[in-house]
Protein chains: 2
Amino acid sequence: MTEKKELILETALKLFAERGFDTTPTSMIAKEAGVSEGLIFRHFTNKEGLMDAILAMSEERMARHVKSIVALAEPLAKIHATIELPVKLFSEEREFWKLQFSLKWQKKYRGQSYRPSGYYLELVEVITDAFRQLGYAEPEKEVLLLVMLIDGLSNQLMQQPSEAFIEQTLSFLKSKYQLDKLKS
Amino acid sequence: MTEKKELILETALKLFAERGFDTTPTSMIAKEAGVSEGLIFRHFTNKEGLMDAILAMSEERMARHVKSIVALAEPLAKIHATIELPVKLFSEEREFWKLQFSLKWQKKYRGQSYRPSGYYLELVEVITDAFRQLGYAEPEKEVLLLVMLIDGLSNQLMQQPSEAFIEQTLSFLKSKYQLDKLKS
DNA sequence: TAGTTTTGTAAGTGATTACTCACTTTTAGT
DNA sequence: ACTAAAAGTGAGTAATCACTTACAAAACTA
């Protein structure tokens, strides 16, 4: 990976997240990155190839996050870490994950990288087990609920990313998943 | 509203939902609707004007749904109806609401019609009150939780719209909001 | 150092796109 | 029936876009 290739990748990511894939011309990416437009096509073949490279990065980063959750010992810690995941994601690389989430609604990319991939299935499995260990009656459904909650939380974070709001919401959510709550 | 104007609106809605705003040329809309391309601009000035007209429809339809929820007598019925809202939306006019949700992530339209508008604020207020009546300790936060849940549910419905799945999920969610559950 | 591959550039190019314009047809008010 | 406004058409047009090509510089290999 040469310096300029990486620069193109980062610039494209930033611009795609800010303005969307279709509304960001390759000429703009080149200009912003300070390289010739042709270089984009030398390295990534297509505009779509550029996006695919970004998506591959996403896959890797997410896999790392999931790995760290799976490594936790306590089932409750795993669940809490999962709740915290979107906050962590956005605080670290906001634009990057924003792009990921917006892609869910684009037909073009829903078939490829967003289809439940390895790390997602692993996380679901691990969290199901965590619920089971905690004595929940319907662990599979609880996972689904948690997934929905996290999706919704991500949406909220995009629209209201204030520190205070995040803190409040997180602690409220965690209080819903505590040892002394009923498990029906 | 002439017949052809309405035809343009419906066709554009369908195509925008299927293929996205930016990747749907006005020429395609005209061809599919069986009208001349110029007519689109006569009626809606811009391609963006066409989208604005669609967004205005959305506002109206959503307002109707909210009104019917607000009209319910029992607080629990209001909450359950809110949970059912996304299912109702998607079963009735899938493409239409899909477009709405995808727009949340587009900068262009986030400032305009998607900003918490009248009906949304009213619904939040009413549901907050419902939680209060049911004796929940923190009704404001419960509403937020419910909003996130509904966002997440909408996401799920887009990816897995099978009847059985919807039915299961709905009844599970409703069971979480029952009179005999604790309200901490 | 000679030769080869890789990285980089600048200037196109054809296709597509949103939008315009000159014009005709239909509708509606009096 | 006359007329003015509104609805509708079809053939442009300028601009933009993804991508190509011919070529040069740099980096690697022997």
Side-chain angles (χ1 to χ4, degrees), chain A residues 1-57 95 99 102-103 105-113, chain B residues 1-57 95 99 102-103 105-113:
Chain A
M1 186 88 81
T2 66
E3 202 178 313
K4 293 205 172 181
K5 188 176 178 184
E6 207 146 5
L7 196 59
I8 290 171
L9 215 52
E10 276 170 38
T11 310
L13 164 59
K14 191 188 119 211
L15 290 176
F16 285 164
E18 276 172 6
R19 334 178 355 113
F21 177 79
D22 299 306
T23 49
T24 306
T26 51
S27 59
M28 182 182 284
I29 299 170
K31 203 175 174 184
E32 185 103 353
V35 301
S36 69
E37 197 179 348
L39 192 59
I40 295 177
F41 296 92
R42 164 118 315 161
H43 281 311
F44 302 100
T45 321
N46 269 343
K47 195 185 174 185
E48 216 179 296
L50 181 54
M51 179 60 109
D52 287 345
I54 293 175
L55 254 33
M57 280 171 48
E95 295 303 301
L99 180 61
S102 72
L103 248 40
W105 300 98
Q106 301 227 15
K107 201 172 233 155
K108 205 193 290 179
Y109 286 104
R110 222 180 311 147
Q112 291 173 232
S113 270
Chain B
M1 187 87 83
T2 64
E3 201 177 314
K4 293 204 171 180
K5 189 176 178 184
E6 207 144 4
L7 196 59
I8 290 171
L9 215 53
E10 276 170 36
T11 310
L13 164 60
K14 191 187 119 211
L15 290 177
F16 285 164
E18 277 172 6
R19 330 177 0 112
F21 177 79
D22 299 305
T23 48
T24 306
T26 50
S27 60
M28 182 183 283
I29 300 170
K31 203 174 172 186
E32 185 102 353
V35 301
S36 69
E37 197 179 349
L39 192 58
I40 294 177
F41 296 92
R42 165 119 315 165
H43 281 310
F44 302 100
T45 322
N46 269 340
K47 195 185 174 186
E48 214 179 299
L50 182 53
M51 180 59 110
D52 287 344
I54 292 174
L55 254 35
M57 279 171 48
E95 294 305 300
L99 181 60
S102 73
L103 249 38
W105 300 97
Q106 302 227 12
K107 201 173 232 158
K108 206 193 291 179
Y109 287 103
R110 225 179 308 146
Q112 292 173 230
S113 269

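The sequence lines fix the lettering, A, B, ..., with proteins before strands; numbering per chain opens at 1.
- K4(B) comes within 4.0 angstrom of sugar-phosphate atoms only, judged by non-hydrogen atoms across all strands, and of no base.
- Between T2(B) and E37(A), the residue anchored closer to the 5' end of DNA chain D is T2(B), taking for each the nucleotide with the nearest heavy atom.
- Going from atom NZ of K31(B) over to atom P of dT17(C) covers 11 Å, rounded to whole Å.
- A residue-by-residue look at N46(B) and R42(B) shows that N46(B) has its nearest nucleotide of DNA chain C further toward the 5' end.
- If you take CD1 of I29(B) and P of dC19(C), they are 11 Å apart, rounded to a whole angstrom.
- Taking only side-chain nitrogens and oxygens, H43(A) comes nearer than 4.0 Å to OP1 or OP2 of dG8(C).
- In this structure, the side chain of T11(A) engages the main chain of L7(A) through a donor-acceptor pair within 3.5 Å.
- No contact: T45(A) has no heavy atom under 4.0 Å from any strand.
- Counting heavy atoms from C-beta outward, I29(A) and L50(A) have side chains that approach closer than 4.5 Å.
- Side-chain atoms of K47(A) do not come within 3.5 Å of backbone N or O of I40(A) as any donor-acceptor pair.
- Inspection of the E37(A) and S27(A) side chains reveals no N or O donor paired with an N or O acceptor under 3.5 Å.
- At whole-Å resolution of the value, CZ in F21(B) and C1' in dT17(C) are 12 Å apart.
- Following rounding to the nearest Å, L39(B) (CG) and dC19(C) (C1') show an atom-to-atom distance of 14 Å.
- In this structure, the side chains of L99(A) and F21(A) stay at 4.5 Å or more apart for every pair of heavy atoms.
- Between the side chain of K4(A) and the backbone N or O of G34(A) there is no donor-acceptor pair closer than 3.5 Å.
- Chain A approaches DNA chain D within less than 4.0 angstrom (heavy atoms of the protein), and the contacting nucleotides run 5' to 3' from dC17(D) to dT20(D).
- Atom CD1 in I40(A) sits about 10 Å away from atom P in dT9(C), given to the nearest Å.
- Atom NZ of K47(B) and atom C1' of dA18(C) are 8 Å apart (whole Å).
- Here the options are L13(B), L103(B), N46(B), the test is side-chain contact (heavy atoms from CB on, under 4.5 Å), and the partner is M51(B); only L103(B) passes.
- Which of dG8(C), dC19(C), dT17(C) sits closest to the side chain of S27(B) comes down to dT17(C).
- What separates CG of D22(B) from P of dT16(C) is a distance of 18 Å, to the nearest Å.
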